[in-house]
Each structure stands twice: as structure tokens, then as C-alpha cells.
There are 2 protein chains.
Amino acid sequence: MATIEDVAKLAGLSRTTVSRVINNQPYVTEEKKIKINEAMKELGYVPNSSARRLRSQRTETIAVLLPRVTNPFFGQLIESLEQKASDYGYQVIVCQTHDKKYKELDYLQLLKTKQVDGVIMASLTNEWMDIEPFLDSGPIVLCNEYMETQDVTMIHIDHKQAAYDAALHLIEQGCRRIAYASGGRETYISKQRKIGFCDALREHNMWLSKELEINEVLDVGDGQTTFQYLKVHQPEVDGIFTGSDEVAAGIVYAASKEGWRIPEDLAVVGFDNQMLSLLMVPAITTIEQPVEQIASKTIQVLVDQIKNKLSAPTQRFVYPYELIKRKSTDCNTVKKTAR
Amino acid sequence: MATIEDVAKLAGLSRTTVSRVINNQPYVTEEKKIKINEAMKELGYVPNSSARRLRSQRTETIAVLLPRVTNPFFGQLIESLEQKASDYGYQVIVCQTHDKKYKELDYLQLLKTKQVDGVIMASLTNEWMDIEPFLDSGPIVLCNEYMETQDVTMIHIDHKQAAYDAALHLIEQGCRRIAYASGGRETYISKQRKIGFCDALREHNMWLSKELEINEVLDVGDGQTTFQYLKVHQPEVDGIFTGSDEVAAGIVYAASKEGWRIPEDLAVVGFDNQMLSLLMVPAITTIEQPVEQIASKTIQVLVDQIKNKLSAPTQRFVYPYELIKRKSTDCNTVKKTAR
DNA sequence: TTGTAGGCGTTATCAG
DNA sequence: CTGATAACGCCTACAA
């Protein structure tokens, strides 16, 4: 492995000058610059990044914490984050927490040990008081997740209002016994959704009964299980709001298999507007998040915080979402005809 | 930021001794060990990873090159890779090439600049002669992709045979004009699939006509477009093999919308056995790859190569796949009744 | 069992 | 414009 020293020797110049050329600094004769470039090429020299990191105290790397990449929403998110980061010259380390508190904290160590310049948290299962200390080691930005605190910049949509809209839509479609299936994590975001959902119900003299609230529902399989539960224990259910399109798809799949009609017998709303929600038969009503914009802003903010070490004022960026109405809630027909 | 020096001072000992404690090395009195641990805690000391990297010449990081995370197959792959790598104490950097040769080469620089200890290529669009030089900088393993060369370890299924099986299945179902939709990249793997596909046809006195071969078909949208093309220009088509479940789903979606019956009017085969293929109506016949096993072996091999710097003999690991037959090719009924 | 000292490859400072 | 020289923080012979 050729080092800067080797290049210097070969070019008959000093390390300093070589370094200047590498970093495009001024004050180097064109002539010597050429000589150095030749030497570098001849030796196949590439600067050693570990040494650079040590010297410059920067890693040009960002950690992205998220539950799992296989959830298409996070897949989309990391695709955009990586791309945007790459544009800024940053690399991205994937950190799957699988909703485990200890994994989340383990990965935050990357910040402490200076393996990354900043962290994006799209997974947030710990209490804020356990996260906060890490702010001393470098910038953290919340993406999609959010909370009450003012200590950190957050980029997200208004999940409470989104859930409210979805619930309202189900009510307007004639649903009267609406179930609520949420992801497992007791995060702020899922609490917000539940509040919005319940608000809409309350305004129409309804409420979410314990039996219609199902937790820890994360993927297609869980959706199928959820339907089986409802079918057996809550056959009167006529609508359901879910935390993700995968869950919604699982429900639609299982329900159809059992001869229930969607939406006549059961109206279903998903979340995230994944391709899947469009492809299902019937297509699933869902909430669209502007993933790319969110990702873009997240990187922009984080990179900015990394560069301007002065703790900039934290901000909150709330992006608009859209309720996309599809067949799975299109109840023009009479609800609940003989099943 | 506290350094090892600070800890040493506070504990009244030398850097060496502190280093020994950090790295769990023997020859330290229990008493001093305790003292040092206390000092570390008091200072909130964590070893600086850049310095460690420089000193040890290891980064404990692996780069994974793949086309895009949003393709669910690669999503699954990276989920498993990251998890497995994490078990071995390695981090994973995501590198999306978007099938661009230059991006692939850019990311390979990570190996040269010692930012990673090894590279997993699940994307391979460059010629091997352009990749090979990078082997001097560190180990590379091909995952899912493969070629003729013997210079590198490869982990994959037999794509040629898989495509053969799929084609044969379509033929057995009575298809006589079978289209072939492949991903865009002119990779070895897609060439293999095409060979297998054509072999099956030839053995039954058929062949792939230019008009039935569609390239650059990558996602659901492309699948829809493909169907539109076939409908207009090749209405006699009665079966299609696709390179991915997303494409297959797009075709099924578009075809159903246009009133074509699947599989009676058009039998469809996907690839990868993503959840999507099961959820579609009708469910899509597909090829299942043992992603987790592939990922697991890939990490194992790469880590092994990283540790045993001696160039171990390269190997080829071929895993079994499975043709999963579903409704989209279940042509027991007469083919091509009035459309 | 503990400490000393040198160097991993770069870059920043300062003097020429 | 160019070049010594000193860090960055850690590990590891080697010596004690």
C-alpha cells in the first residue's frame, strides 16, 4: 500500500505538498502538481481514509436507525436517504433495531465512538431521557418519528391528523364498528395516531372498545392473524384502520379467502401507500407520505448540523400527507348484507 | 472527548495498562482493572474508532453493493446480511448502484481507501476485468451474481436451471407463445436465465422470437407497460416468464384491468417469491431463493477471507431453489377461449 | 505485572 | 510557494 510518503519521495517533494495536491489546495506550482499526480498514478496511491478520519475528526458517514429494511416504507426511506447522502459525499450505515431498545442504544454508540458524524433515527423505542445524552457526541435528527421535546430536529407528517382523516373517512363510508390495528412499538407516533383515530370516533359518538384494539401488528402475516381474530371474536366489525399497507393487505387477503367482501363486509385502510396497496384486489385506501421530501430534508438538516458545529436551533418540519381513497373503503353499496 | 491518556492519568497508570483493560488482555491486577474501569466511567471514555482503525488497519465494516434497496429481494437480502454481519461484529454500508457502472466502481473505491474490509457485490454491471484489480485491495464476494471466472467466491442459485424449470412449467401448462421479460442489466445472471429459458423452449420445438423478448423491465410499472405492449403487438401471447415478482404483479394487474383472464388468457411466472406474489389475485407462480442461507454463507465466507488474509481458494456455493406453483399458471381449463 | 516509546497515514501550523 | 514538525488516539514490541 503506497502512502503519501512514497508519493512524496517519488516526486522528490514533501508530504505537505502532496497533501496540498490531494486536497486541491492553492499554492502549488502547476509543474509540481503534474509531477505529483504522475507519481500518485504510478504508485496507485489512494489516501487512507482511517488516517484522514483520525486527523480530521470527521468520518463522512451517517448512521440510519430503523426497525427493519424489509418494511417497504423503510426500504423506500433508506433508498432516498442513501442517495441524498451520497450526493453530499456521505455514506450511510444501515442499523436495524428490530424494535429492540438495546439495539437502538448499541447503534447510538457509533456516535460516541466517532464512527459516524451523525445519526438519523427512524426508529425510536427508547425513552427520550435515554437518548438525550448521546446528543453530546454529535447531532441526531428524528425522521418520521417524533416527540414532545424541543432538543432535536424532527421531520415528519402529522400522524394524528392523518389517522383522524382515515377514521373520518371510514365513518363517512358508514362504518360503525371500527377496529384499530397498530404496530407493536409504543412510540409517540403510534400514540398520536391512536389519539387522532379516537378523536374522530368520539366526534361521532363512537369509541374504540378494548376488543377492537389490536396491537403488535406489523406485517402481512400479522394482518391475516388479525382477521382471524376479528372473524371469531368480533364478527360485527365493519371497518379497520391499520398502521401499514402490509397489515391491510394481510387482512384483505385473509378476509377474501374466508368469503368476506371488501369493503361491503369490512372496509380497510392502510398506511404509507406502498405499491402493494394499489395492486391488491380490491385496491386499498391508504395514507401517502412524501418519503422523498422527508428523506431529502432529513439529510440536508443533518449535514448542516454536522458542518455548523454550533448547535443550531432545533426545528420541526411537518410535511403534508394525502388520504388516497380506493376500493377497499368504497361502500356505496349497502353495508352488511347477508354474509 | 476523553482519550486513553486522560484515563491513564486519572487512574495513575500508563496508557498501556488502560489499553490492556480495554481489550481484555491478561496481566492486569484485578485491583488496577477496577481503578481503570472507574476512571473510564468517570470520564465517559469510549475508545476512538478512527484511531483504532488506523492502528489496526481494520475497519470492521463491509460494503454491500446492490442495485436498489426498494427491490424487495434486495431488501430481504440486505436485512439478512446486516443482521448476520452484526453478529460477527461488522457494520454494513449500503451502496446502491442503480445499475450504473460508474457507481459500482465508485463504491469499490471504498475498498481501496480502506474504508471497508471487504465488499459484497450483489450488483455486477461492469466487466470482470474492470473489477478484478480491486481484489488487490481486499476480498470481494459475489452474492446472487456470478460469472465464469474462478478468481472470486460466489454464492447463488442456478439461475439457468431455474428459468428452465419455469419455462418447462409454462409449456406443460399448454402455453405455446411464451414471452420473456428480463431486468435491464446485461449481467451474467440474466444471460443464464435466458439460456435456460430458451433451452426448455427448444426441447419442445419452440423458440423465443424477438418480438416476445422484452428487456429493461424492472418494476411494477414496467410490468404494466409490458402488458400494454403485448396486448397491442403480440395478442397471441399466452404465457410470460419475468425476472421478478414486481414485474409479474404489474402484468397481472394490467391484464386483469383490461379484462384478460390469468392464467387462461395469459399464464405468468415471477421470480423471488416475494409476499407480493402470494397476495396477488390470482397468486403468482414464482421461484423461491433461499435468501437467508445465501446471506448467511456470504457473510461467513467474506469474514473468513478478511481474517485469513492468506488468499484462500475461491469457491462456488450453489443453493437450491424451488418453483412454487400457484394460480397464475394453473391452466387446467381450456386455453384461449373467446377473449 | 507494568511502563516506555514508536509509529499507523494524514493534515495543520509555522517557519523559510 | 514549499517543507519540517507536531499532533490525531491507539496499540504493541520491548524493556524493566
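So that the names make sense, note that chain A is the first sequence line, chain B the second, and so on, each numbered from 1. It should be emphasised that the depicted structure is a prediction, and the values quoted were computed from it without experimental measurement.
Remark: of the listed residues R316(A), Q315(A), Q305(A), Q305(A) is the sole one forming a side chain to side chain donor-acceptor pair (under 3.5 Å) with T153(A).
Under a 3.5 Å cut-off, the side chain of K112(A) and the backbone N or O of D136(A) do not form any donor-acceptor pair. Within the 3.5 Å criterion, the main-chain N or O of T187(B) finds no donor-acceptor partner in the side chain of E145(B).
In this entry the distance linking CZ of R58(B) with P of dC8(C) reads 17 Å, nearest Å. As a whole-Å value, the separation of K114(B) NZ from dG9(C) P is 10 Å. The interatomic distance linking N23(A) (CG) with dG9(C) (P) rounds to 17 Å, in whole Å.
The side-chain hydrogen bond (donor to acceptor under 3.5 Å, both in side chains) pairs that include a residue from residues 27-48 of chain B number zero, where partners must be two or more places apart or lie in different chains.
Residues from residues 7-16 of chain A placing a heavy atom under 4.0 Å of any atom in DNA chain C, listed by number, are R15(A), T16(A). Within residues 25-36 of chain A, the residues having any heavy atom under 4.0 Å from DNA chain D are, by residue number, Y27(A), V28(A), T29(A), K32(A).
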Exercise for review: Using the side chain to side chain contact (heavy atoms under 4.5 Å, CB included) rule, take H159(A) and Q289(A) through it: C-alpha gap first, then chi angles, then the decisive distance, then the call.
Suggested key: CA-CA 10 Å; H159(A) 287 268; Q289(A) 301 198 50; 3.9 Å; yes
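Using a 30° and 60° split on the angle between ring planes, H156(B) and Y146(B) fall in the parallel class, below 30°.
Five base pairs at each end of the helix from dT1(C)-dA16(D) to dG16(C)-dC1(D) define two local axes, and these are offset by 40° (rounded to 10°).
Contact footprint of chain B on DNA chain D: nucleotides with an atom under 4.0 Å from a non-hydrogen protein atom, first to last in 5' to 3' order, dG9(D) to dA13(D).
By the 6.0 Å contact criterion, NZ on K100(A) is open, its count of non-hydrogen atoms from other residues, nucleotides or ligands being 12 or less. By the neighbour-count criterion of 12 heavy atoms within 6.0 Å, atom CD of E292(B) is sparsely surrounded, having that number or fewer from other residues, nucleotides or ligands.
Residues R68(B) and E82(A) form no side-chain contact, since every pair of their non-hydrogen atoms from C-beta on lies 4.5 Å or further apart. By the 4.5 Å heavy-atom criterion applied to side chains, L108(B) and L65(B) are counted as neighbours.
Along DNA chain D, the nucleotide closest to T17(A) and the one closest to E5(B) are compared, and the more 5′ of them pairs with T17(A). Projected onto DNA chain C by closest heavy-atom contact, R20(A) and R55(B) fall at different nucleotides, the more 5' of which corresponds to R55(B).
Residues forming a side-chain contact (heavy atoms from CB on, under 4.5 Å) with T61(B) (at least two apart in sequence, or on another chain): R53(B), T59(B), Q91(B), I93(B), V116(B).
Checking T3(B) against E5(B) by side-chain atom types alone, no donor-acceptor pair falls below 3.5 Å. A donor-acceptor contact closer than 3.5 angstrom links the side chains of T17(A) and S14(A).
No hydrogens or angles were tested; on distance alone, nothing pairs the side chain of R53(A) with the base of dG9(C) as donor and acceptor under 3.5 Å.
Within the nucleic acid shown, S19(B) comes within 4.0 Å of at least one base atom, counting heavy atoms only.
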